[in-house]
Each structure stands twice: as C-alpha cells, then as structure tokens.
Asks: 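To start, I am sharing the structure in question, which I have written as structure tokens.
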Number of protein chains: 2
Amino acid sequence: MSSTLAQPDAGDQPGDRSWDGGIPEATVARLPVYLRALYALAERGVTTVASDELATAAGVNSAKLRKDLSHLGSYGIRGVGYDVDYLVYQVSRALGLTQSWPVVIVGAGNLGRALANYGGFASRGFRIAALLDSDPALVGRKIGRLVVSHADELEAVVASQNVAIGAIATPAASAQAVCDRLVAAGVTSILNFAPLVLTVPDGVDVRKVDLSIELQILAFHAQRRSAARVGQLAGPAVAEA
Amino acid sequence: MSSTLAQPDAGDQPGDRSWDGGIPEATVARLPVYLRALYALAERGVTTVASDELATAAGVNSAKLRKDLSHLGSYGIRGVGYDVDYLVYQVSRALGLTQSWPVVIVGAGNLGRALANYGGFASRGFRIAALLDSDPALVGRKIGRLVVSHADELEAVVASQNVAIGAIATPAASAQAVCDRLVAAGVTSILNFAPLVLTVPDGVDVRKVDLSIELQILAFHAQRRSAARVGQLAGPAVAEA
DNA sequence: CGTCGTTTGTGAACGGATGCACAAAGTCGC
DNA sequence: GCGACTTTGTGCATCCGTTCACAAACGACG
C-alpha cells in the first residue's frame with residue numbers, strides 16, 4: 001500500500017492548474033541532484049562548468065541536463081558553459097530554497113533520529129521546527145541539538161512556526177492518524193516513511209520513501225540477472241500458458 | 001488538482017543493465033505496492049478481490065492495475081476478481097521473493113539501525129546477513145537480534161552467505177569506497193542512502209533513496225502552492241524566458 | 001574585425017506509460 | 001440451460017519524457 005512511483009491518479013484532473021509552474025515533474029525531481037553536484041563543484045573551487053561535466057557528475061545525459069536547465073531560463077553561456085554560483089542560485093530559487101522551510105518530524109525512533117541528525121537537512125533550505133514523539137520515554141531526550149517534544153504539541157508547533165512540511169517517521173499503525181492531524185493543522189506537504197498508502201484531501205502533496213519497496217525492485221532485477229546467468233530462461237510465470 | 005505527486009524515478013544510471021523480462025519498469029515499481037495491499041487484505045480474511053478495490057487500496061487506477069497484472073499472466077477470473085492468496089504468490093514469484101535474499105547493511109548509524117529494526121524487512125523475502133560498521137564503538141553492539149560486525153568482514157560475509165544485495169547507510173564520504181568493495185565482492189544490487197551519485201560498472205544495479213531530494217521536491221510544490229495562493233505569478237525566474 | 005572552435009538551447013523524432021472504452025469471459029439467479 | 005450482470009484483459013489514442021542532431025550564440029585569437 002505504499003509506493004515509489006505514482007500514487008492515486010496522478011493523471012489529468014479536468015480542473016487543471018492554470019499555471020503549473022511550467023517545469024515538468026521529471027525535471028523537478030532531478031534539480032536537487034544538479035544542485036548537489038553544483039555545490040560539490042563550488043567547494044572544489046570550480047567557477048564554470050559545461051553541461052557535459054555537470055551531467056556526468058549528476059549521472060545523467062547532457063542533453064537531458066540542458067533541457068532541464070532550459071526550463072528555468074537561459075542561464076548558460078554558449079561556448080563556455082554555466083557559472084557555478086549563478087546556477088546554484090537559480091536552481092535554488094526554482095526549487096524554493098531561497099527561504100528556509102520549517103519541517104516537523106513526527107516519530108523519534110531510529111528513522112526520525114536519522115532524519116534529525118541528517119546534515120544536509122538543516123544546512124540547505126530546511127530547518128527542523130520540532131521532533132515529536134508520543135513515547136514518554138523519548139520525550140525530553142536530546143537528539144543532536146534538538147529536544148524531543150510530545151506529539152500533543154504538533155498543532156501548536158505547526159501554527160506557531162508556520163510549518164508547511166511534515167515528515168512521518170512513525171510505525172505504520174499510527175501514520176494515518178498523524179497525517180490527518182498534520183493536514184488539519186495546515187501542513188500541505190508530507191514526506192511519508194511509513195509503509196502504507198496515506199489518504200489525504202486534495203491540495204495536499206504526499207511523497208513517500210519506502211525501503212522495502214526499493215529492496216523488492218532490486219530483488220526483481222537480481223533475480224532476472226541470476227536467471228540469465230544460469231543460461232536458461234528459468235521460466236518465470238510470464239512464459240507459462 | 002492532483003492531491004499527490006507522481007514520483008518519477010526509473011534508472012539513475014544510463015548504463016542500466018537490466019534486460020527486462022517483458023515486465024515494464026514502471027510496473028515492477030508498483031508490484032511491491034500491490035503485494036503489500038494484498039497482504040493486508042489476506043490478513044483481514046479477504047479471499048477474493050476485484051481490480052477496483054485492490055487498485056483503491058494501492059492508490060492507483062484500476063485500468064493500470066489490471067494492465068500491470070496482465071504482464072505477469074492472466075490470473076484473474078472475469079466476473080469475480082482475483083484470488084488473494086494466489087495473486088500474492090504470483091506477484092511474489094514475479095518479484096523473486098520466493099527465495100530469501102540475504103542483504104548486507106553497511107553503516108550502523110541511525111539509518112542503518114532503522115533498517116535493521118525495520119519489521120517488513122526480514123519478514124518477507126529478505127534476511128539481514130550482516131550489519132557492518134567501521135566504528136569500534138559500534139562493533140559488537142546489539143541492534144535488535146543482530147550484532148554489529150566490523151566492516152573488514154564485508155568480503156567474507158558476502159562470499160560466505162552469497163549476498164547479492166547491499167545497502168549503503170554510511171556518510172557520503174565513505175559511500176563510494178564501500179560501494180566499490182561491495183561490487184568487488186560480487187554484490188550486483190545496491191540500495192544507496194548516501195547523498196551522492198555512485199559510480200558502478202555495467203551490470204550493477206543501483207537504486208537511491210535520498211531524503212533531502214524528496215524534501216526539495218516537496219519544497220518546490222509548496223512554494224508553487226504558496227505563490228499561487230498569494231495571487232498570481234510572484235515573479236519567479238520561470239515567468240521570464 | 002573576421003574566422004574558428006566550442007557549447008548552449010531546442011525542434012523533432014521516438015518510445016514508453018497512462019487512461020478510456022469495450023469485447024470477451026466468466027458467475028449467478030432462475 | 002439461459003439471460004443478465006459483473007469484471008477482466010486489451011486495442012487504441014494520447015501524453016510525457018528522452019534522445020538526437022543541429023543552428024545560433026559566444027569567446028578566443030590572430
């Protein structure tokens with residue numbers, strides 16, 4: 001019940017967005033990768049980069065990279081390449097990272113703590129507004145620079161800090177309830193780590209990260225590979241009558 | 001408008017080995033979702049399910065579900081639906097989950113521990129062969145039912161237990177080195193949690209799970225929403241061009 | 001100032017995925 | 001046994017994303 005790819009009907013609602021940003025979803029998903037590659041280049045002192053190098057660093061094809069960047073505007077210099085700092089700025093801007101987004105993390109188990117300690121989190125564009133848990137044994141405990149607050153404070157935190165993004169790192173059993181509370185409190189973007197499909201009203205965006213799904217996809221390919229290595233087709237169900 | 005986001009993600013690396021066995025990649029990515037929904041139905045005692053219900057439970061459109069399942073074979077009964085247990089078996093089989101895959105987890109920080117404790121891990125189709133770390137303070141520590149082993153044992157573990165899948169939950173700085181060692185030891189499927197693009201030879205399958213990328217994608221949509229709510233184009237760079 | 005080499009930005013072809021709509025195939029009631 | 005009803009499986013049109021290939025744009029250099 002959760003997924004990695006598409007969720008309910010990512011299709012075409014008739015009441016379409018007047019202006020959907022103009023940036024294709026697939027491009028948006030790659031911009032953060034480019035941004036990270038650009039940061040790495042900047043830290044190495046590189047000031048200018050060609051689409052070819054940047055594409056290699058980001059693990060994509062150069063034509064794709066250029067087309068992606070062209071959706072933000074025309075920020076390259078022909079015959080030269082892109083100015084690293086300028087491109088960092090433009091990509092950050094397109095992604096909405098010029099402001100710092102407060103994020104509330106619900107669930108202070110291993111996953112929640114991993115999130116809270118995650119370096120690239122607070123550093124670039126995000127700030128942890130609160131780390132919540134309902135377990136009294138965890139409340140009050142220090143995680144990095146944070147103190148775990150009680151889950152009851154969810155609504156107060158969201159309201160007072162104007163939180164728009166929530167991360168759900170609770171067990172599956174409580175995830176939907178947490179999600180409902182986040183939505184009711186006004187959160188419109190949710191990152192779900194719990195292994196289930198969340199139900200949300202229109203206008204709320206959910207992305208999920210599902211470890212077991214990724215593993216299963218890997219298993220599929222591993223199986224495919226090992227069957228091929230054996231030499232025979234190893235007749236999966238597909239071949240049967 | 002759509003309430004949830006599509007999450008496009010297929011192959012990171014252009015050198016994508018997989019000869020798909022007739023099953024489209026997009027379908028493979030959804031099969032685990034169906035499988036989870038089926039397990040949930042089975043536990044509730046449901047023996048038969050129509051594509052419509054299963055699709056709803058999995059958060060997809062019923063036509064897509066039927067087309068996906070049709071790639072595995074013709075396992076439905078017209079006028080009735082699908083037998084839950086039988087479909088569980090067929091999907092598991094297609095994904096290669098009829099065997100138990102040994103997985104080695106490198107990195108016993110919060111993320112590695114979260115993985116090790118993750119319930120749906122060992123339960124269905126996967127078994128943690130080892131949890132490795134190079135930090136002496138962690139080696140020997142008990143995590144759930146496991147004991148953290150030293151990273152030096154990577155090659156031995158992979159060889160002795162025939163590990164085909166590795167999960168990298170180390171800091172970014174050591175991820176590529178760990179990856180190289182995994183590949184050299186014979187691992188051909190890698191799940192990468194470190195925030196960098198791994199370089200691997202052809203024939204190795206890498207999937208990435210990147211928390212900050214997901215957050216940044218959410219930020220993009222949150223920004224778009226808030227800009228739209230303010231009124232009109234809040235003058236992002238997108239509008240020019 | 002003009003030519004040359006380099007790199008961007010993009011038009012166009014292509015391929016894969018999605019959703020609709022419907023015929024085929026089955027069950028159920030009588 | 002038969003007709004009505006339900007649900008699957010799929011052909012088809014459409015949309016989105018990827019890739020190719022090339023003209024336009026730019027710096028370098030004499």
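By convention in this document, chain letters (A, B, ...) are assigned in the order of the sequence lines, proteins followed by strands, and residues within each chain are numbered from 1. Hydrogens, waters and symmetry mates play no part in the numbers below; they use all other heavy atoms, side chains included.
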Asks: State whether a side-chain donor-acceptor pair under 3.5 Å links B:H221 with B:R224.
Replies: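 Checked: B:H221/B:R224 side chains pair up, N/O donor to acceptor below 3.5 Å.
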Asks: What is the distance from NZ of A:K64 to C1' of C:dG16, rounded to the nearest Å?
Replies: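 It is 13 Å, rounded to the nearest whole Å.
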Asks: Between A:T27 (side chain) and A:I23 (backbone), is there a donor-acceptor pair under 3.5 Å?
Replies: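 Looks like no, no N/O pair under 3.5 Å.
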Asks: For the pair made of OH in B:Y34 and P in D:dT8, what is the distance, rounded to whole Å?
Replies: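 In whole Å, D:dT8 P lies 13 Å from B:Y34 OH.
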Asks: Once you round it to whole Å, what is the distance between C1' of D:dC26 and CG of A:D83?
Replies: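 Whole-Å distance recorded here is 15 Å.
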Asks: Phosphate oxygens OP1/OP2 of C:dG9: is one of them under 4.0 Å from a side-chain N or O of A:Y82?
Replies: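 Yes.
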Asks: Residues two or more places apart in sequence or in another chain: which of them pass salt bridge (charged side-chain N to carboxylate O under 4.0 Å, His left out) with A:R78?
Replies: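 Checked A:R78 against salt bridge (charged side-chain N to carboxylate O under 4.0 Å, His left out); zero matches.
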Asks: Atom CG of B:L65 and atom P of C:dA17: how far apart are they, to the nearest Å?
Replies: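 It is 16 Å, rounded to the nearest whole Å.
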Asks: Identify, between B:G76 and A:P24, the residue whose nearest nucleotide on DNA chain D lies closer to the 5' end.
Replies: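 Its nucleotide being nearer the 5' end, the pick is B:G76.
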Asks: Measuring to OP1 and OP2 of C:dT7, would you say a side-chain N or O of A:S51 lies under 4.0 angstrom away?
Replies: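 So the side chain of A:S51 is outside the cut-off, no N or O lying under 4.0 Å from OP1 or OP2 of C:dT7.
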Asks: Could you tell me the separation between the CG atom of B:D52 and the P atom of D:dG9, rounded to a whole number of Å?
Replies: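 One finds 14 Å between P of D:dG9 and CG of B:D52, rounded.
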Asks: Just by distance, do the side chain of A:Q176 and the backbone of A:T199 share a donor-acceptor pair under 3.5 Å?
Replies: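 Flag set: sc A:Q176 to bb A:T199 pair under 3.5 Å.
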Asks: Whole-Å distance between D:dA21 P and A:N61 CG?
Replies: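 Taking CG of A:N61 and P of D:dA21, I get 12 Å after rounding.
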Asks: Would you say the base of C:dG19 and the side-chain of B:K67 have a donor-acceptor pair closer than 3.5 Å?
Replies: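 Pair found.
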Asks: Please evaluate residues B:T98 and B:R93 with respect to the criterion side chain to side chain donor-acceptor pair (under 3.5 Å), reporting the C-alpha separation (whole Å), side-chain torsions for both, the decisive distance (0.1 Å), and the verdict.
Replies: CA-CA 6 Å; B:T98 47; B:R93 176 186 167 122; over 6 Å; no
Asks: Do B:W101 side-chain atoms and B:G96 backbone N/O form a donor-acceptor pair below 3.5 Å?
Replies: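 Confirmed, B:W101 side chain pairs with B:G96 backbone.
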Asks: Measure from CG on B:L69 to C1' on C:dT18 and round the result to the nearest Å.
Replies: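 One finds 16 Å between C1' of C:dT18 and CG of B:L69, rounded.
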Asks: Any chance the side chains of B:D210 and B:S212 put a donor and an acceptor closer than 3.5 Å?
Replies: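 The answer is yes; a qualifying pair exists.
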Asks: Whole Å only: how far is the CD atom of B:Q90 from the C1' atom of D:dT8?
Replies: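 So the CD-C1' distance, B:Q90 to D:dT8, works out to 16 Å.
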Asks: Any donor and acceptor pair, going by atom type alone, linking the side chain of B:R36 with main-chain N or O of A:L196 inside 3.5 Å?
Replies: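 No.
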Asks: Run the ring-centre check on A:Y75 versus A:Y86 and record whether the distance is less than 6.0 Å.
Replies: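 Aromatic pair counts; centres sit under 6.0 Å.
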Asks: Atom pairs, N/O to N/O, protein against nucleotides 1-3 of chain C, distance under 3.5 Å?
Replies:
none

Asks: Going 5' to 3' through nucleotides 21-30 of chain C, assign each nucleotide B (protein heavy atom under 4.0 Å from a base atom), S (under 4.0 Å only from sugar-phosphate atoms) or - (no protein heavy atom that close).
Replies: B--BBSS---
